[in-house]
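The structure displayed is predicted, hence computed values, not measured ones. Residue numbers begin at 1 in each chain, while the letters A, B, ... track the order of the sequences.
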There are 2 protein chains.
Amino acid sequence: MLRPHTSSKPVSIKDIARIANVSHSTVSRALRNSPLVHPSTAEQIRKIASESGYRASAVARSLVNRRTHTIGVVVTTIADPFNGEVVSGIEDKANHLGYSVFLANSKSEPERELRVVHSFEERRVDGIIVTSSRVGAHYADLLERMNIPVVFLNNHNPGNFAYSVSIDDGNGAREATNHLLDLGHTRIGYIGDEFGLRSNENRLSGFRGALRSRGVKEHAEAMESGDGSCAEGAAAMERILKRTPLPTAVFCYNDQTALGAMSALHARGIRIPEEISVVGFDDLPAASYASPPLTTVRQPMEQMGRRAMEILAGLLSGETAGIEGVEKFDGELIVRRSTASPKK
Amino acid sequence: MLRPHTSSKPVSIKDIARIANVSHSTVSRALRNSPLVHPSTAEQIRKIASESGYRASAVARSLVNRRTHTIGVVVTTIADPFNGEVVSGIEDKANHLGYSVFLANSKSEPERELRVVHSFEERRVDGIIVTSSRVGAHYADLLERMNIPVVFLNNHNPGNFAYSVSIDDGNGAREATNHLLDLGHTRIGYIGDEFGLRSNENRLSGFRGALRSRGVKEHAEAMESGDGSCAEGAAAMERILKRTPLPTAVFCYNDQTALGAMSALHARGIRIPEEISVVGFDDLPAASYASPPLTTVRQPMEQMGRRAMEILAGLLSGETAGIEGVEKFDGELIVRRSTASPKK
DNA sequence: CTACTCACTGCACACGTTAACAATCGCCAC
DNA sequence: GTGGCGATTGTTAACGTGTGCAGTGAGTAG
């Protein structure tokens, strides 16, 4: 029995080779279950390896294989629950596929985003997933520079990237708005995300399209923008509340904005949904535990993360079959208790 | 001007050496700003490097330096907002210190936790941070096996590990409970986390200690357990509501549990805080946007994450000065509107 | 007996970087 | 002229793993 825990340096195949009285290549082959090595020696080698606590060095292996089996994930901030869900899906799939994931927050600072991608480049990640990027324009050049596959998830930025998975913003917004229209609302506000860019535009135009197709007109005094956070959602709602007439319903860019808006309404003593209905977008876990539980458009966040990873892995193994450039997921309207017909 | 984007393989220092007509070691030195190389050649080399889009290979560098400048972070799940905040702090600090972070979810499955740590071992991470581990017992052996530094953050598990940062559970719980006692509550419930282990025990005993020191007795019918999630928080509260007499206040293991509990109360039409006061623990962003805004014990989650990374980096550079084994952070009671005096 | 095949193993190099050591050159003091 | 020194550069060997190629036997067919 070996004493594996004492040596400071990790044991290598050469150490094992010395003990087993074979060359290090035989060890390498044995540990990778190559048919080229005699079963009995292979077994002996594997025994020594496991007793000595041997762990193959992924870094040495990566050097020769030119594949690190590593991917980089860039998020604005992992503290955002939306990104948490997405990354959870990515990591889960990556784990099953044998990839490790580097996580980096860009904080939406272009300078930092650059640093992060450079670091990924040096680490020789096999691929990159970028979620909810707001400064994606910078990527365009970096992309072809690195020529490694990149998959975008809900990229907010205009511009066409080769591979992306995203939610169908327009349709989701349309469904949500139709729900409010069906309830009889005709004075509906919208709280957007001023940094949401394309994503915000698409939801906004879905909203507008729904109004137009029912002949309901838009009310400029009930249109406001936050930045996708609770805090700014609340602030935006407060601005709307200062103006008259008040809307009877508000559709929000995302759940966080909606939760913030609801908090502003509560603070003013305005009842939801009796006086104002609220609709969000995302279906964060918190949405169903809000009071009242939030009507929203569900994004399959984890699933989208998994799919992004799947696509990336597909690109890495050269199987482009069954991979479309742009995959759109459908949102699902989840009706809860934050919406009701307006009182006459 | 070079055409960097065409070659499939990344450019190496040897490529640069060939172009600059020097040896690869001179290139290596020049790029690392060694004083050993003539300023003019150094400048020329740096020019070629930048024009060719050269990026040093961290994997090759790691192989010779035996330092990857990489750390592994194990969380139960990154979809948990608490972990999101913590990891955000860790990543931020790591980034500034020149470390990249591998993220892995254990999902509290021992088998998966093992796989994850093995993968970190193969990747030759310089250190590991484990947050909110519920199966930490398994780590004990793995730890010394790997002999790389490990820092625990809010480790739920009994057993003493060398380095950890955690919240002062007992004191936080005591403050929260005292707040309720000060308001005049005498029938106070507790909703715990059955998997919270030590962390739950400490909060529970802080709760009990506060009651005892005021001579208020515990009410078994108002004691329940969830698993730290909204869903189970709601379920636990529903169980309490089936029993009489009802408590006038409930202290919850964490904010998620509290949010779930509030949702259950709302569903039954029970008013907060008029009929039942609710207190949480963590101060997640969602807590201040709940309705009513949640009274809770704030954990400086990001800061704790940063500190854990700082400690780890300290251990890695051998500066043990100013590093205590176990660092405890103080929680801060944040009084919002989910608590009030009981009606007589 | 020879030649050939088969199963297994070792040798040597490659991957991209760092670093210890050697080498070269110009210059200065003796 | 010679020796030494300082500045700059090159040579070489690692780091741990994978792999093409050569080598070594043993067994077998001719």
Review point. Between A:Lys47 and A:Glu43, does a salt bridge (Lys or Arg N to Asp or Glu O under 4.0 Å) hold up when you go through it step by step?
Key: CA-CA 6 Å; A:Lys47 185 168 168 236; A:Glu43 194 190 1; over 6 Å; no

Check your understanding: B:Ser23 side chain N/O closer than 4.0 Å to the phosphate oxygens (OP1, OP2) of D:dG10?
Key ->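 Result: yes.
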
**Study point:** Nucleotide nearest B:Arg66 when distance is taken to its side chain, options D:dT8, D:dT17, D:dG16
**Key:**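 Of the candidates, D:dG16 comes closest.
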
Practice item. Taking only heavy atoms on the protein side, list every residue of residues 24-38 of chain B lying under 4.0 Å from any atom of DNA chain D, sorted numerically. Key: B:His24, B:Ser25, B:Thr26, B:Arg29, B:Leu36, B:Val37, B:His38

In whole Å, what is the span from the [atom1] atom of [X] to the [atom2] atom of [N]?
| X | N | atom1 | atom2 | value |
| --- | --- | --- | --- | --- |
| A:Arg67 | D:dG18 | CZ | P | 16 Å |
| B:Ile45 | D:dT8 | CD1 | P | 13 Å |
| B:Asn21 | D:dG10 | CG | C1' | 13 Å |
| B:Lys14 | D:dT11 | NZ | C1' | 12 Å |
| A:Asp15 | D:dC15 | CG | C1' | 12 Å |

Judged by modelled atom types alone, do [X] and [Y] share a side-chain donor-acceptor pair under 3.5 Å?
| X | Y | answer |
| --- | --- | --- |
| B:Thr131 | B:Asn83 | yes |
| A:Asn155 | A:Ser132 | no |
| B:Ser28 | B:Ser25 | no |
| B:Ser100 | A:Arg123 | yes |

**Study point:** Check: A:Ser88 side chain, A:Gly84 main-chain N or O, donor-acceptor pair, under 3.5 Å
**Key:**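 Looks like no, no N/O pair under 3.5 Å.
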
Review point. From A:Arg18 CZ over to A:His24 NE2, what is the distance, rounded to the nearest 0.5 angstrom?
Key: 12.0 Å

Check your understanding: Using a cut-off of 4.0 Å on non-hydrogen atoms, how would the nucleic acid contact of A:Ser62 be classed: base, sugar-phosphate, or nothing?
Key ->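 No contact at all - A:Ser62 keeps every heavy atom at 4.0 Å or more from the nucleic acid.
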
Practice item. Would you grab the first and last nucleotide of DNA chain C (5' to 3') that comes under 4.0 Å of any non-hydrogen atom in chain B? Key: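 Nucleotide range with atoms under 4.0 Å of chain B: C:dG16 to C:dA20.
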
Review point. Is there a side chain to side chain donor-acceptor pair (under 3.5 Å) between B:Arg112 and B:Asn105 once you walk through the steps?
Key: CA-CA 8 Å; B:Arg112 181 159 176 160; B:Asn105 298 338; over 6 Å; no

Exercise for review: By nearest nucleotide on DNA chain C, pick out whichever of A:Arg124 and A:Val22 is the more 5' one.
Suggested key: A:Val22

Practice item. Begin from the C-alpha positions of B:Glu302 and B:Arg306 and carry the test salt bridge (Lys or Arg N to Asp or Glu O under 4.0 Å) through to its verdict. Key: CA-CA 6 Å; B:Glu302 271 205 63; B:Arg306 277 203 205 86; 3.3 Å; yes

